[in-house]
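Just so you know, ligand 1 is whichever comes first in the structure, and atom 1 is the first atom listed for that ligand.
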Amino acid sequence: MGSDWETVIGLEIHAQLATRSKIFSGSPTAYGAPPNTQANLVDLGYPGVLPVLNAEAVRMAIKFGLAIGARIATHSVFARKNYFYPDLPKGYQISQYELPIVAHGALEILLDDGARKRVGITRAHLEEDAGKSLHEGLARWTGIDLNRAGTPLLEIVSEPDLRSAREAIAYMKKVHTLVRYLEICDGNMQEGSFRCDANVSVRRRGATQLGTRAEIKNVNSFRFVERAIQYEVARQIELIESGGKVVQETRLYDPDRGETRSMRTKEEANDYRYFPDPDLLPLAVPRSLIEEVGRSLPELPDQKAERLASQYGLTEYDASVLTASRELASYYEEVVRETRGDPKLAANWVMGELAAALNRDGLDIGRSRLPPAGLARLLARIADATISGKIAKEVFEAMWASGRDADAIIAERGLTQITDTSAIERVIEEVLAKNPGQLAEYRSGKDKLFGFFVGQVMKATQGKANPGQVNELLRRKLSS
Ligand code: ADP
Ligand code: MG
C-alpha cells in the first residue's frame, strides 16, 4: 500500500477576524460571554433590520491578501448562501461567492528535506460565522448560543497543491503564523478562532485527474488535522483497492476514536442557491485604501526569517523556528542584543532549554518566567567561561524555578568553573593515583580509557572543571 498512491489535499481555513464588533452589526465579538448576551437583532436575523459592513474586517482581509501576494478586488460582492440549521436563524449565511475580495495568492512552505514548496491560495473571502449548538450539560435539549453569529471570518481556500498530511500541517501552521503577525486573528484554536476543513483525495501515481474527495469538517488542532488526513487517506486507498469507490461527502473526525465518519453527502454549490445579497451594496475598495493598508504591513514571517538567517548566520530551519511568532523572534533578538554574544548559542538555548521549559509549563513566550535579559546574562557566563554549558543547564532550571539571577545562583551554589591550571592538575594527579589499574591498561594501549579519566576528573570537581582544559592537561600528563 502507499507508494502506488498519491495524496491530494486542499484546505479551507476559517480565521475569525480580530475586530471588536461583528461583521454586519455593532455587537461585541469577545469570546466567553454568557450565551446570547452578544447577539442583537441583526445577528438574530430579525426581519426589517439591515446589515452594515464593518470597515475593519475589510482592511484585515486586504492586509492578508497583500501579505500572500494576491490580487485585491476593487469590486467584490456579498452573496447569500441558503441553508437551514438551528444556529443560523436567518436561513442564510452572508458570504462571498463569485467575486471574493482576495484571489490568486500563494505561500511557501519548508518541507522536511529542506526544499521549499509554493502552495497556491485560490481565494480568501469575507463571511459571517454561524452560532453554536450546545449539548454539554443539557440532557434532553440542544441549546443555541448566538454570540458567535455574525463574527467576521476570512475563509482561506488553498489549491489542491498539498501532497501529504505533513505538507498540510506545514501550510496550516504557515497561515496561522501569518494571521498572527498581521494581527488580524488571535489564532486561538481551542476557542475556535482558527479552524480548518480538509479536502482529501487519492489517485494512482501518475494519474492526471483528481480523485473524488471527502471533506473533513471543522478540525481545530494541528495534531487532529494530521491524524484525520492520515486516517482518511488509508481509508480511501483501502476502499478503492478492495473494489469500492470514494463518494463525495462531508465527514467528521472523532478524536477519541481517531477516525472519520460520514456526516452527509456533499452539497453542490447549486444546492445553496447563492445570490447577491440585496441588502448589501457591492463592496468597492478604493486603490488608496489598498495602498494605505500596504504601508501598514509589518515585517512578514518569511522576510524576518531571511533577515535572521543572514544577520545572525542561522540555518534556514532555525530561522523559521525562531520566527514562528513575532513574540518569539523579538525575544530571540533581544537575547542576542543583550549578550552581544554568539547568536548561534542564543538560538540553541531559545529553541532548546527555553522552549522545553515553556512547553513543560504550558506557557507561551509572552509569559516566559525568564525575561530575555535574564537568559542573556546566563549565556554571557558560558561565553566568558565562568560556567560550562552543562552547568548552565542546572543554573537555567534554578533561574526558571526561582526567578533569580544567573550570577546569584552561580555564586550561591559555588558553580564557578575551575579554570585554574594547577588546581585541575592536582585533581588529575589524584585520579591517576586512585586508578593504577586503568592507568596501566591505558599505557599498554587501551586508548579508550582516556574518556574514563576525563569523566573521573569531572566527577571529582562536580562538573566544574573546564572540560577543554581537562582534556588538554590530561593528554599532556598521560603522554609524559
Ligand atoms: P467547495 O466549494 O465544494 O467547497 P471547492 O472547489 O471550492 O469546493 O474546493 C474546496 C477545497 O477543496 C479547495 O481547497 C480545493 O483545493 C480542494 N479540492 C478540490 N478538489 C479536490 C480533490 N479532488 N482532492 C483534494 N482536494 C480538493
Ligand atoms: Mg467548501
Participant: Does N147 reach the main-chain N or O of N36 with its side chain, forming a donor-acceptor pair under 3.5 Å?
Facilitator: yes

Participant: Of all the atoms in ligand 1, which lie at a distance below 4.0 Å from a heavy atom belonging to G211?
Facilitator: 23 (N)

Participant: In terms of heavy-atom contacts, does NZ of K344 have more than 12 from other residues, nucleotides or ligands at under 6.0 Å?
Facilitator: yes

Participant: So is there a nitrogen or oxygen of S201 less than 3.5 Å from a nitrogen or oxygen in ligand 1?
Facilitator: yes

Participant: For L11, counting its heavy atoms only, list the atoms of ligand 1 lying under 4.0 Å from any of them.
Facilitator: 14 (O)

Participant: Any idea which atoms of ligand 1 are less than 4.0 Å away from a heavy-atom of E159?
Facilitator: 16 (O)

Participant: What are the atoms of ligand 1, with element, lying closer than 4.0 Å to any heavy atom of V8?
Facilitator: 24 (N), 25 (C)

Participant: Going by an N to O cut-off under 4.0 Å, is there a salt bridge joining K217 and D197?
Facilitator: yes

Participant: Nearest heavy atom to atom 16 (O) of ligand 1 wins, so pick from A214, C196, A198, S158.
Facilitator: S158

Participant: Side-chain atoms of residues 275-285: list all donor-acceptor pairs with protein atoms under 3.5 Å, sequence neighbours left out, distances to 0.1 Å.
Facilitator:
unit_1, atom_1, unit_2, atom_2, d
D277, OD1, R80, NE, 3.4
D277, OD1, R80, NH2, 3.4
D277, OD1, D279, N, 2.7
D277, OD2, R80, NE, 3.1
D279, OD2, R80, NH2, 3.2

Participant: Using a 4.0 Å cut-off to any heavy atom of V157, which atoms of ligand 1 qualify?
Facilitator: 13 (C), 14 (O)

Participant: Does CZ in R223 sit with more than 12 non-hydrogen atoms of other residues, nucleotides or ligands closer than 6.0 Å?
Facilitator: no

Participant: Which is closest to atom 8 (O) of ligand 1 by heavy-atom distance: E12, R213, R123?
Facilitator: R213

Participant: Answer yes when E292 and R59 have at least one side-chain N-carboxylate O distance shorter than 4.0 Å, and no when they do not.
Facilitator: yes

